[in-house]
Amino acid sequence: MERPGRLLLQSELRVRNAAYDVSLSRSLLIWKRRTSSPVYHPFRPSVCHSVPVSEIISVREEEEENGSRQRDDGSWKKIREREGKDCRQAFTVLYVERCRQHRWRCAEVTFTCSDEAVCQHWVSSIREQLASNTSRPKHLLVYINPYGGKRQGKRIYEQKVAPLFTQAGIATSVIVTEYANHARDHLKMEAELKKFDGVVCVGGDGMFSEIIHGLIWRTQIDCGVDPNSTEEALSPCSLRIGIIPAGSTDCICFASVGTNDPVTSALHIIVGDSQPLDVCSVHHNNMFLRYSVSLLGYGFYGDVLSDSERKRWMGPARYDFSGLKMFLTHHYYEGTVSYLPAKGIIGTPRDATRCRSGCVICQHNGQLNSERSEKYEMDEASDSESSGEWRTIRGKFLAINAASMSCACPRSPKGLSPAAHLADGTTDLILVRKCSRFNFLRHLLRHTSKDDQFDLTFIEVHRVRRFRFMPRHCQSDSDLELDLHENSKRQIFSQICKDHPACGCAPAYSSWNCDGEILTHTAIDVRVHGQLIKLFARGIEELPVFEDLSNPCAI
Ligand SMILES: CCCCCCCCCCCCC/C=C/[C@@H](O)[C@H](CO)NC(=O)CCCCCCCCCCCCCCC
Ligand SMILES: Nc1ncnc2c1ncn2[C@@H]1O[C@H](COP(=O)(O)OP(=O)(O)OP(=O)(O)O)[C@@H](O)[C@H]1O
Ligand SMILES: [Ca+2]
């Protein structure tokens, strides 16, 4: 609980006709029921509420006419007329109320006071406090994907989010995308980012990935950095991004807020939260492909995604059907993984830490990472293969997953890598070697339970800063032209085999699932850029501990 600062205002006001002592300080609004009778009522708890000023959404005056009160949205609210008393002034405070499972909702309380001047003073004082909070957005650029998830993006925004933004006095420019990559291209070329202090993504993980692609690209261009380079450090984006979940997995929203509820996300945007986030850049032979913040998956998750793309009409259920189909098909893929283990960090993929609000591991490793990037700039040779720090693993894999965050989502509440951190500058590389369906099912089941996901013999996990993957069939460039014919023949066969599952042979290639989009290449080079972007979120809050004695109501 925040300690109350210096008192700014203190009055006796009424809430539903009961008398309350109401006080406003720099950090808290408190209203405490006056125990009217001098005798202490041992059974009546002295009702006291306190709300941090940083979580007040807005304050509005209530006009009153003949005993009933008109709200801003035109609906009428009866108030009990006080016999013979003069007309009373009233104002309503809207504030964040925490519910179960990290959900937030907008609660309101109406104060009536006898004297109009007092009422005006309260409204203007609270408004002054809100206006002085510079981390709150004033003008947002909103992209709505009408096509993702259950195709409810527009309805979700219009019914649940826009009214809250209006209440909070936030101006919005809304763009409903008409085709894939519309948002990315608009951000790259047309958007005048100077006008806005935030971007809102109404859609799923794929839409978010598209938006950060546009935003990061634009930021590099504006800062004179070549976005294609594999060695140059990228410039961080100053604009925060809010996610209104309207997709099928929504794991980025789930892992950074703790729930995929649109109202909760809208409230985190309104109060102006800020959560840094790692971003992976993916290249193929020095050509930039895409950014990833949640899952880069080859093998199982890649096949699930490519099979589900044809079933988008099923909405989110498409993943379960494709998942079952790919589980039964049980293909494995050969290739070589090389990675650069993260040095000098605290935390491992199998420790008991969890990334929560104010995560010390992200703060510690994040700084380390920024210091390192200066050093890195100097002697970037240190990262080349010759430095000997790189590890290489060759083998047959059912899945190769790089989780830059826990990837917690409704399907898998703990996530693919429960101890992964949002902003620690690393990604957890999970290698699932060829094994029996039974064992693979044991591994999958652990995604939905709390057991240690990695204590199985055929699984290994490494916390890395960079990694590369080369499928076995993809020869190194030198001898490529020699058996190009051989290769293309094999690719043709593998394509034929892929299209006709009846044929028993396993295809040589899977595809990479990059935040829910299929990558165009399988041989990739991935780098983690620590805390490259920021979300309108605060990480998953620890469950509220019992009100400690420093609770302002206890005074
Ligand atoms: C038997 C129960 C097994 C339950 C296994 C649950 C695993 C769920 C793991 C979810 C991991 C989500 C990672 C997030 C990736 C996102 O960036 C991306 C874009 O949104 N989403 C997907 O690629 C979407 C990926 C969604 C993959 C769903 C896979 C469903 C597997 C079903 C296997 C059933 C086997 C049953 C055999 C009897
Ligand atoms: N107007 C549009 N028409 C067609 N496709 C679009 C449109 N707008 C965005 N897209 C594309 O739709 C794809 C999927 O969108 P999104 O990720 O929001 O939904 P989803 O895939 O169901 O959710 P998740 O990624 O969480 O599983 C994105 O790659 C995005 O580029
Ligand atoms: Ca990370």
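Order of listing sets the numbers, starting from 1, for every ligand and every atom in it. None of these values were measured; they are calculated from a predicted model. Here, residue 1 is the first one in the sequence, and each next residue gets the next number.
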(request) Look at Arg466 together with Asp525 and state whether they make a salt bridge at an N to O cut-off of under 4.0 Å. (result) yes

(request) Anything under 30° is parallel, anything over 60° is perpendicular, the rest tilted; go ahead and classify Trp104 against His268. (result) parallel

(request) Decide, counting backbone as well as side-chain atoms, whether Thr427 has an N, O or S atom less than 3.0 Å from the Ca ion (ligand 3). (result) no

(message) How far is atom 27 (C) of ligand 1 from the closest protein heavy atom, and which atom is that?
(response) Tyr301 CE2, 3.7 Å

(request) Using a strict 4.0 Å threshold on nitrogen-to-oxygen distance, state whether Arg312 and Glu309 make a salt bridge. (result) yes

(request) Report the nearest protein non-hydrogen atom to atom 27 (O) of ligand 2: residue, atom name, distance rounded to 0.1 Å. (result) Tyr319 OH, 2.9 Å

(request) Under 4.0 Å, heavy atoms only, figure out whether ligand 2 is touched by the backbone of Phe208, its side chain, both or neither. (result) neither

(request) Can you figure out which of Thr249, Asn145, Ile518 has its heavy atom closest to atom 7 (C) of ligand 2? (result) Asn145

(message) Any salt bridge linking Glu460 with Arg433? Criterion: basic side-chain nitrogen under 4.0 Å from a carboxylate oxygen.
(response) yes

(message) I'd like to know whether ligand 2 has Arg151 as a neighbour, heavy-atom separation below 4.0 Å.
(response) no

(message) Keeping Asn260 on the side-chain end and Phe254 on the backbone end, is there a donor-acceptor pair under 3.5 Å?
(response) no

(message) Would the distance check show the side chain of Ser357 and the main-chain N or O of Arg538 forming a donor-acceptor pair, the cut-off being under 3.5 Å?
(response) yes

(request) Would you mind checking if Lys160 and Asp261 are paired as a salt bridge, meaning a charged N to carboxylate O distance below 4.0 Å? (result) no

(message) Side chain or backbone, does Asn513 bring an N or O within less than 3.5 Å of an N or O on ligand 1?
(response) yes

(request) Note the single closest protein heavy atom to atom 29 (O) of ligand 2, along with its residue, its atom name and the distance in Å. (result) Glu517 OE2, 2.7 Å

(message) For Ala403, is there any backbone N or O sitting under 3.5 Å from a side-chain donor or acceptor partner on Thr427?
(response) yes

(request) Please calculate the O(Thr426)-the Ca ion (ligand 3)-OD1(Asp424) angle and round it to 10 degrees. (result) 80°

(message) On a heavy-atom basis, which atom in Asp303 and which in Ser511 lie closest, and how many Å separate them?
(response) OD1-N, 4.2 Å

(message) Please work out, at 4.0 Å between heavy atoms, whether the side chain, the backbone, both, or neither of His182 comes within that distance of ligand 2.
(response) neither

(message) I'd like to check whether His447 has a polar contact with ligand 1, where a contact means an N/O of the residue lying under 3.5 Å from an N/O of the ligand.
(response) no

(request) Please work out which of the three classes, parallel, tilted or perpendicular, describes the rings of Phe469 and Tyr298, given edges at 30° and 60°. (result) tilted

(request) Between Val304, Asn401, Leu444, flag the one that comes closest to atom 3 (C) of ligand 1 by a heavy atom. (result) Leu444

(message) Give me the nearest non-hydrogen protein atom to atom 19 (C) of ligand 1 as residue plus atom name, then the distance to 0.1 Å.
(response) Gly516 CA, 3.3 Å

(request) May I ask you to decide if the ring planes of His521 and His284 are parallel, tilted or perpendicular, using 30° and 60° as cut-offs? (result) parallel

(message) If I consider every N, O or S atom in His421, which one ends up closest to the Ca ion (ligand 3)? I only need its name.
(response) O

(message) Taking 4.0 Å as the limit for heavy-atom contacts, which would you say applies to Met207 with ligand 2: side chain only, backbone only, both, or neither?
(response) both

(message) Taking 4.0 angstrom as the limit and counting only heavy atoms of Leu324, give me the atoms of ligand 1 inside it, by number and element.
(response) 36 (C), 37 (C)

(request) Distance to 0.1 Å, residue and atom name: give those for the protein heavy atom nearest to atom 23 (O) of ligand 2. (result) Ser248 N, 3.0 Å

(request) Please report which non-hydrogen protein atom sits nearest to atom 12 (O) of ligand 2, along with the residue it belongs to and the distance in Å to one decimal place. (result) Tyr147 CD2, 3.4 Å

(request) Keeping the roles fixed (side chain from Asp205, backbone from Ile252), state whether a donor-acceptor pair exists under 3.5 Å. (result) yes

(request) Compute the shortest N/O to N/O distance between Asp205 and ligand 1 and return yes if it is under 3.5 Å, no if not. (result) yes

(request) Say whether Asp515, considering both its backbone and side-chain N or O atoms, lies within less than 3.5 Å of an N or O atom on ligand 2. (result) no

(request) Note the single closest protein heavy atom to atom 8 (N) of ligand 2, along with its residue, its atom name and the distance in Å. (result) Thr177 OG1, 2.8 Å

(request) Measure the distance from atom 2 (C) of ligand 1 to every protein heavy atom, then report the residue, atom name and distance (to 0.1 Å) of the closest one. (result) Leu445 CD2, 4.0 Å

(request) Might you point out which heavy atoms bring Asp455 and Arg350 nearest each other, and give the distance in Å? (result) CB-NH2, 3.1 Å

(message) Side chains of Gln453 and His447 only: does a donor on one sit below 3.5 Å from an acceptor on the other?
(response) yes

(message) What protein heavy atom lies closest to atom 17 (O) of ligand 1? Include the residue and the distance to one decimal.
(response) Ser294 OG, 2.8 Å

(message) Within ligand 1, which atoms have a heavy atom of Asp515 less than 4.0 Å away?
(response) 17 (O), 19 (C)

(request) Specify the protein heavy atom at minimum distance from atom 31 (O) of ligand 2: its residue, its atom name, and the distance to 0.1 Å. (result) Glu210 OE1, 2.3 Å

(message) Below a 4.0 angstrom heavy-atom separation, can you tell me which part of Ser209, side chain or backbone, both or neither, approaches ligand 2?
(response) neither

(request) May I ask you to decide if Glu210's main-chain N or O and Asn181's side chain share a donor-acceptor pair within less than 3.5 Å? (result) no

(message) I want to know if ligand 2 touches Arg318 in the polar sense, i.e. an N/O pair below 3.5 angstrom.
(response) yes

(message) Can you report which non-hydrogen protein atom sits closest to atom 21 (N) of ligand 1, along with the distance?
(response) Thr249 OG1, 3.2 Å

(message) Please give me the minimum heavy-atom distance between Ala255 and Cys407, naming the atom from each residue.
(response) CB-N, 4.5 Å

(message) Which atom name would you report as the N, O or S atom of Asp278 nearest the Ca ion (ligand 3)?
(response) OD2

(request) Return the option from Gly203, Gly516, Gly206, Gly148 holding the heavy atom at the smallest distance from atom 25 (O) of ligand 2. (result) Gly206

(message) Classify the ring geometry of His186 against His182: parallel below 30°, tilted from 30° to 60°, perpendicular beyond 60°.
(response) perpendicular

(request) Please indicate whether any nitrogen or oxygen in Ser412 is less than 3.5 Å from any nitrogen or oxygen in ligand 1. (result) no

(request) Under 4.0 Å, heavy atoms only, figure out whether ligand 2 is touched by the backbone of Glu178, its side chain, both or neither. (result) backbone

(request) Taking Arg468 for its side chain and Thr392 for its backbone only, find out whether a donor-acceptor pair lies under 3.5 Å. (result) no

(message) Within the structure, is a non-hydrogen atom of Gly204 found at a distance of less than 4.0 Å from ligand 2?
(response) yes

(message) If only side-chain N and O atoms count, and only distance matters, is there a donor-acceptor pair under 3.5 Å linking Thr264 with His102?
(response) no

(request) Tell me, please: is Arg312 in heavy-atom contact with ligand 2, that is, under 4.0 Å? (result) yes

(request) Could you tell me which atoms of ligand 2, counted from 1 in the order shown, lie closer than 4.0 angstrom to a heavy atom of Asp250? (result) 26 (O)

(message) With heavy-atom distances below 4.0 Å as the criterion, list the atoms of ligand 2 near Tyr179.
(response) 1 (N), 2 (C), 3 (N), 7 (C), 8 (N)

(message) For His139 and Phe196, take the angle between the two ring planes, folded into 0 to 90°, and tell me which bin it lands in: parallel under 30, tilted 30 to 60, perpendicular over 60.
(response) perpendicular

(request) Tell me which protein heavy atom sits closest to atom 4 (C) of ligand 1, plus the residue, atom name and distance to 0.1 Å. (result) Thr448 CG2, 3.9 Å

